[in-house]
Amino acid sequence: MTQFELRLARRMSRLGTETAFEVLSRARALERQGREVVHLEIGEPDFDTPGNVIEAAVDALHHGWTHYGPSAGLPDLRQTIADYVSRTRGVPVSSDEVVVVPGGKPIIFFSILALIDEGDEVIYPNPGFPIYESMINYVGGRAVPIPLREERDFSLDVNELASLINDRTRLIILNSPHNPTGGVLTKRDIEDVADAIGDRNLMVLSDEIYSRLIFEGEDFSIASVPGFKDRTIILDGFSKTYAMTGWRMGYGVMRADLATHVARLMTNSNSCTASFTQVAGIEALTGDQSSVDRMNAEFKHRRDVFVEGLNKIKGFSCRMPKGAFYTFPNITKTGWPSKKLADALLEEAGVACLSGTAFGAFGEGYLRFSVANSLENLNKALERIEAWTKKNLR
Ligand SMILES: Cc1ncc(COP(=O)(O)O)c(C=O)c1O
């Protein structure tokens with residue numbers, strides 16, 4: 001122990017975390033004690049990055065892409081992303097509206113840092129990716145949850161959203177396909193959200209990191225609603241689509257004047273995203289996409305098997321998620337609170353999952369299981385959960 005008391009800045013008490021990483025380390029500790037754990041807690045594809053992308057990175061390393069690059073990203077990658085987003089979202093995007101960053105997460109961090117003053121209100125989905133609430137609180141903003149309810153298939157209630165918008169609202173966060181519920185907003189839902197916002201001068205952070213992982217429904221961005229491109233920041237990236245979580249590369253698409261400020265935040269924090277990684281990013285977006293299709297088909301199959309299995313377990317009921325690689329069963333009929341049940345499944349059944357409350361207060365009554373694991377392991381998890389419930393639930 002040091003004799004000097006650690007004197008942290010006050011704002012650090014407001015910074016949250018992502019529980020998935022904590023559960024992962026508890027599961028690893030159990031494994032070190034000789035226990036065997038099925039890992040369904042972390043949200044990352046279990047596949048390898050496609051070979052063509054790896055080769056492009058190795059080639060880039062051999063060709064000197066080992067230096068600093070521009071803070072906003074390599075011009076060729078920014079242009080490639082602009083073309084890709086123009087094509088997929090049906091809205092013209094130019095390269096000066098793209099900022100490349102190390103992962104999708106920094107776009108959440110930078111957007112909130114750049115736009116939110118103390119006391120400004122930010123509406124965010126709850127349950128939802130925990131970093132939204134953490135960052136809003138960190139900068140002293142007011143985090144205003146919009147509950148996502150199972151009976152609406154985890155889509156948001158637009159009338160409720162409209163009632164939360166006021167003159168202090170600066171930012172609305174949307175996430176579709178959604179982590180942790182797998183819900184997908186329809187074109188109609190998004191048009192209704194746009195109507196609720198009307199011509200207010202506020203921004204929308206549209207987290208579209210799972211945009212390529214839609215099994216039912218459509219990929220529709222609020223950026224393509226007339227009048228919304230200038231008020232939208234699209235967050236997307238390479239982590240989930242191309243199984244590149246450890247590479248750390250994502251991007252934001254936003255009006256060019258905001259992009260220069262976000263690039264300045266990059267200059268102050270990271271300087272730039274790794275150069276050889278960005279060269280590989282061009283290959284990811286423009287090269288053969290068959291591995292993306294293969295991974296998605298596999299996720300869909302696993303989802304089907306896992307949801308069917310969950311629905312046979314006493315006390316569990318699970319809607320069919322329409323996108324992403326998560327299942328979010330309702331566990332209220334077990335009579336157990338979510339966190340206690342998640343802890344028991346890890347410690348007593350050897351299945352690591354997340355409590356719904358890791359995604360906010362409105363996640364109580366649910367657990368999140370990632371299906372980014374092999375069918376064999378998913379079936380093993382189902383057997384273990386079922387055996388545990390038979391022993392522990394009456
Ligand atoms: C909804 C959502 N947004 C953003 C991210 C961040 O992705 P990245 O790993 O690229 O930073 C994640 C990762 O889990 C996510 O689920």
Side-chain angles (χ1 to χ4, degrees), residues 16-24 39-47 49 53 73 77 81 98-112 122 124-136 146 148 154 156 171-185 204-214 219 221 233-253 262 265-266 269-270 273-274 277-278 280-281 284-285 299 321-328 353-354 356 358-360 363 368-373:
T17 189
E18 195 180 343
T19 311
F21 289 98
E22 285 171 13
V23 174
L24 177 64
H39 289 272
L40 305 183
E41 74 279 42
I42 205 98
E44 68 170 343
D46 55 320
F47 300 102
T49 303
V53 180
L77 177 59
I81 292 168
V98 176
V99 185
V100 181
V101 293
K105 243 181 202 172
I107 291 298
I108 303 171
F109 202 97
F110 294 153
S111 303
I112 291 174
V122 182
Y124 70 102
N126 189 325
F129 190 48
I131 301 306
Y132 307 142
E133 192 181 292
S134 166
M135 280 307 301
I136 300 162
I146 169 90
L148 303 188
F154 298 111
L156 49 79
L171 183 69
I172 297 176
I173 302 177
L174 301 177
N175 172 215
S176 176
H178 181 249
N179 177 12
T181 66
V184 174
L185 296 175
V204 178
L205 172 59
S206 182
D207 185 339
E208 302 175 14
I209 195 98
Y210 298 102
S211 59
R212 297 275 289 275
L213 262 161
I214 298 186
D219 172 23
S221 174
I233 301 164
I234 296 176
L235 178 163
D236 204 343
F238 298 80
S239 300
K240 316 285 177 178
T241 307
Y242 299 100
M244 290 173 71
T245 47
W247 292 62
R248 309 312 301 139
M249 185 166 50
Y251 53 87
V253 177
V262 171
L265 284 166
M266 270 296 285
S269 52
N270 300 280
T273 306
T277 305
Q278 293 188 63
L285 285 174
F299 286 136
K322 296 193 169 77
F325 38 59
Y326 305 111
T327 58
F328 201 61
C353 65
L354 299 183
F359 302 91
R368 190 195 80 170
F369 296 89
S370 160
V371 295
N373 204 323

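Read the numbers this way: they start at 1 and go in the same order the structure lists the ligands and their atoms. One-based numbering along the sequence shown. All values derive from a computational prediction rather than experimental measurement.
- In this structure, Ser176 has no side-chain hydrogen bond (donor to acceptor under 3.5 Å, both in side chains) partners at least two apart in sequence or on a different chain.
- For Ile42, the side chain to side chain contact (heavy atoms under 4.5 Å, CB included) test picks out Ala20, Phe21, Leu24, Glu44, with sequence neighbours left out.
- Residue Ile234 holds its CD1 atom at 11.0 Å from CG of Asp207, rounded to the nearest 0.5 Å.
- Taking the six-membered ring where tryptophan is involved, the planes of Phe238 and Tyr251 are perpendicular, since the angle between them exceeds 60° and thus also 30°.
- Under the side-chain hydrogen bond (donor to acceptor under 3.5 Å, both in side chains) criterion, Ser134 pairs with no residue at all, not counting sequence neighbours.
- Ile146 pairs in a side chain to side chain contact (heavy atoms under 4.5 Å, CB included) with only one of the listed residues (Asn126, Leu174, Leu156, Ile173), which is Leu156.
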Nitrogen or oxygen contacts under 3.5 Å, ligand 1 side and protein side:
| from | atom 1 | to | atom 2 | distance (Å) |
| --- | --- | --- | --- | --- |
| ligand 1 | 3 (N) | Asp207 | OD1 | 3.4 |
| ligand 1 | 3 (N) | Asp207 | OD2 | 2.6 |
| ligand 1 | 9 (O) | Ser239 | OG | 3.4 |
| ligand 1 | 9 (O) | Arg248 | NH1 | 3.1 |
| ligand 1 | 10 (O) | Gly104 | N | 2.8 |
| ligand 1 | 10 (O) | Ser239 | OG | 2.6 |
| ligand 1 | 11 (O) | Gly104 | N | 3.0 |
| ligand 1 | 11 (O) | Lys105 | N | 2.9 |
| ligand 1 | 11 (O) | Arg248 | NH2 | 2.8 |
| ligand 1 | 14 (O) | Lys240 | NZ | 2.6 |
| ligand 1 | 16 (O) | Asn179 | ND2 | 2.8 |
| ligand 1 | 16 (O) | Tyr210 | OH | 2.7 |

